[in-house]
2 protein chains.
Amino acid sequence: MADKPKKTTILDIAAIANVSTATVSRVLSNSDYPVKQEVREQILAIAKDLAYSPNLFSRMLKGADSKEIGVIIPSVANPFYSQLVASVEGVCIKHDYVPIICSSYNTPELQLKHIEMLKQRCVSGILISVLTTDDEVINQLKELDTNIVLFDQTFESKDFDSVNFDFYKAGYMATEYLVQNGHRNIAFATAPLERRSRKLFYKGYRKALEDYGIEFEVTNLVVSKVENDAITTDFHYQNGKNLAKMILEKEKLPDAIIAINDMTAFGIINFFEANEIVVPADISVMGFDNIPFSEMISPSLTTIEQPINLTGRLATEMLINKIEQKTDYERTVKLEPKLIERKSVRKKNKILRKEKNDL
Amino acid sequence: MADKPKKTTILDIAAIANVSTATVSRVLSNSDYPVKQEVREQILAIAKDLAYSPNLFSRMLKGADSKEIGVIIPSVANPFYSQLVASVEGVCIKHDYVPIICSSYNTPELQLKHIEMLKQRCVSGILISVLTTDDEVINQLKELDTNIVLFDQTFESKDFDSVNFDFYKAGYMATEYLVQNGHRNIAFATAPLERRSRKLFYKGYRKALEDYGIEFEVTNLVVSKVENDAITTDFHYQNGKNLAKMILEKEKLPDAIIAINDMTAFGIINFFEANEIVVPADISVMGFDNIPFSEMISPSLTTIEQPINLTGRLATEMLINKIEQKTDYERTVKLEPKLIERKSVRKKNKILRKEKNDL
DNA sequence: ATCCGCATAGCAAACGTTTACTACACCATA
DNA sequence: TATGGTGTAGTAAACGTTTGCTATGCGGAT
């Protein structure tokens, strides 16, 4: 813009107070170096008077902390992640950090670009939802000498602090609930299973089937073709529609469907509705995430809750603890899934788990 | 972290290439100062070899552009804004800027805090959804000698570039559509009308009523008590439930309701559904925004579209043009509302507008 | 032969801090 | 009286760039 009004510097203050810049700096940077109370107060007063605010860049040039936290997620447009971001932001503000939101859209190159950018900005730390356990990404993170906390995507590692979620158990619980309510032919509808979290969720599903003595049918794993999440909010929703279409094309309709997330479930339900198939009367649908919309749609969605806000809050607090070199905090937290019973699953006859000795 | 591996600086490069740092800087900062081709290439080669990346802080200390763009919005958790943020992010990445997302939750103090923070970081520009036309905020923005583009909240001003939206027309269109489909007793359900955009939308509603010769009833303006948007995604949804409750408590149920936004409409519809009132058979509901979920709920929501992605894209491009001192671009854009016809409004007998000479 | 402009390059200051080092006065202890 | 600690303050280097100024050599115009 036109004419910068020359911000006040410690030099100005030093001149007025008739002391050296060193002294001013000591006072204004909250150093524990002793400065006479009288002088300290005078400097503080002048600083306030001149509306002094330190130049962050020179501080950082001297190696100070940038007070920025990189937050790498698949997509801000996805309501699950935008809520996560909101909770991260809340904690950041409280501790005077600034979150830098980076959507990776599941593309490694973009993720790499973001990481480079964050490195260049010397962020104080990074909160990241690691999508793959590729050695490449992991090594890249290890080399990045900054504070890192993993979240959202379960990836326990001695190398990183993390806030995890029991995806396996979540998949198990979803399946078990369906089985116990009389469903046997259960489809699993998902975007490609390359993510660790999705794989685990799927494994939970398989294990539950096994435990209840239900044979898994290959055609019940319904996977859409898409690779990368698009930029739009309704990506998974559209995906759900596709999956529903695929399911309708099967020779035999399943009793129930487990969707890889709530948005997908919405798409599935909507497609069914448009095709005169009633949920849950004709077919049951189970979601995963429990995003706020789950209770807004009709029928309201029975789903497994993933504690979004808690995840964001804990992960951010963990990271800040790490940055500020606190020592007394948990370095790994594993959050538990919780079943949220609503109206998208039909309750048929109750079925109990086959005990081992039944077999 | 443990031991920083000492990043390479132009000094290292200068030493190897046997030239001065000035020359290295000139090459590496794309200055137009002439440097012999041979030397230039050598320096470039060495830089690449040592994986040199410039220290942003020293550059900024010298007054360079921070390449950051502050984005101030009411709340990231709100799907409308998270989609907006996504489109802003997309443009930013293309031009190598980094968006800094700031949720103000409609609290002036927080907004002020964010602005202070952005100022301190010497951001290249700010994209802001101005909620009030308080002189305080406006002056504060004017004094902020940085590039500013207003968006989302219509506030045309000679002092700022802006991407506007015709809220007045939107309100008019919503109302007109309802009237033309046979509704006369139309309630307007909203959070407090302190925002300019809401006021305009409301004025459009009033004007349409007037043009169609329908007398406005005071009790048809239903306003919830809440002041500030909360941090959660479902704030407006809950608000909608409250509003629906208030409406149900009226002695006479209106034919139709215009909700201040889609999320509010969802809440209203949901509350009605829970109370055995069928939308649109018993009462029609009209939304505003056309967020992706509008077509996911049941009944799908008839609403007025506000072009989110276009807004984000245009505003960001405008700001970057401004930052980079381009001159040939529009400084004010006004986007048009569009009616999206779905299933939440019942079509009764068509009614035409009273012509002026009818009166 | 002189002067000028131009291409090229280096020197060193400057951006605003922080901090290692030095200085010195004061007081307590041996 | 010498010794040393402690509280307080200043000097100047350093962080990694950019850039105004100066310098040199060279070709062309006068």
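Each chain gets a letter, A, B and so on, in the order its sequence line appears, and its residues count up from 1. These values consider heavy atoms only, across backbone and side chains, with no hydrogens, waters or symmetry-generated copies.
- Backbone-only contact: Thr9(A) has heavy atoms under 4.0 Å from sugar-phosphate atoms and none from a base.
- Rounding to whole angstrom units, CD1 of residue Ile43(B) and C1' of dT17(D) are separated by 14 Å.
- In terms of modelled atom types and a separation under 3.5 Å, the side chain of Ser124(B) and the main chain of Lys67(B) share a donor-acceptor contact.
- Distance CE (Met60(A)) to C1' (dT17(D)): 16 Å, rounded to an integer number of Å.
- Distances were taken from every side-chain heavy atom of Ala22(A) (C-beta onward) to each of dT17(C), dA12(D), dT17(D); the shortest belongs to dA12(D).
- For Ser20(B), no side-chain nitrogen or oxygen approaches OP1 or OP2 of dA9(C) to under 4.0 Å.
- Dashed line: the shortest gap from a side-chain N or O of Arg59(A) to OP1 or OP2 of dG16(C) is not under 4.0 Å.
- At the phosphate of dT17(D), OP1 or OP2 sits under 4.0 Å from a side-chain N or O atom of Tyr52(B).
- At whole-Å resolution of the value, CD in Gln120(B) and P in dG16(C) are 14 Å apart.
- Each of Pro34(B) and Lys62(B) lies near DNA chain C, and the nucleotide nearest Pro34(B) is the one positioned closer to the 5' end.
- Of the candidate nucleotides dA9(C), dT18(C), dA9(D), dA9(C) has the atom lying nearest to any side-chain atom of Arg26(B).
- In this structure, of dT8(D), dG16(C), dT17(D), it is dT8(D) that holds the atom nearest to the side chain of Lys36(A).
- Distance Ile10(B) CD1 to dC11(C) P: 13 Å, rounded to the nearest Å.
- When only modelled atom types and interatomic distance are considered, Tyr52(B) and Asp12(B) share no side-chain donor-acceptor pair under 3.5 Å.
- Side chains of Ser53(A) and Lys7(A): a donor-acceptor N/O pair is present below 3.5 angstrom, by distance only.
- Between Glu38(A) atom CD and dG7(D) atom P there is a gap of 18 Å when expressed in whole angstrom units.
- Atom CG of Leu56(B) is separated from atom C1' of dC15(C) by 15 Å (rounded to the nearest Å).
- Atom CG in Asn18(B) sits about 11 Å away from atom P in dC11(C), given to the nearest Å.
- Annotation: cation-pi pair Arg59(A)/Phe57(A) absent, no NZ/CZ under 6.0 Å from the ring centroid and within 45° of its normal.
- Out of dA9(D), dA9(C), dG16(D), the shortest distance to the side chain of Asn55(B) is found at dG16(D).
- Residue Thr23(A) has a polar side-chain atom (N or O) positioned under 4.0 Å from OP1 or OP2 of dG10(D).
- When rounded to the nearest whole Å, the span between CD of Gln37(B) and P of dA7(C) equals 15 Å.
- Within 4.0 Å of Ser31(B), counting heavy atoms only, lies no atom of the nucleic acid at all.
- At dT17(D), none of the side-chain N or O atoms of Ser58(B) fall inside 4.0 Å of OP1 or OP2 (strictly under the cut-off).
- Each of dG10(C), dA12(D), dA7(C) was ranked by its minimum atom distance to the side chain of Tyr33(B); first place goes to dG10(C).
- Neither side chain, Glu116(B) nor Gln120(B), offers a donor N or O lying under 3.5 Å from an acceptor on the other.
- When the options Ile128(A), Val123(A), Leu118(A), Ile115(A) are evaluated for a side chain to side chain contact (heavy atoms under 4.5 Å, CB included) with Leu144(A), the one that passes is Ile115(A).
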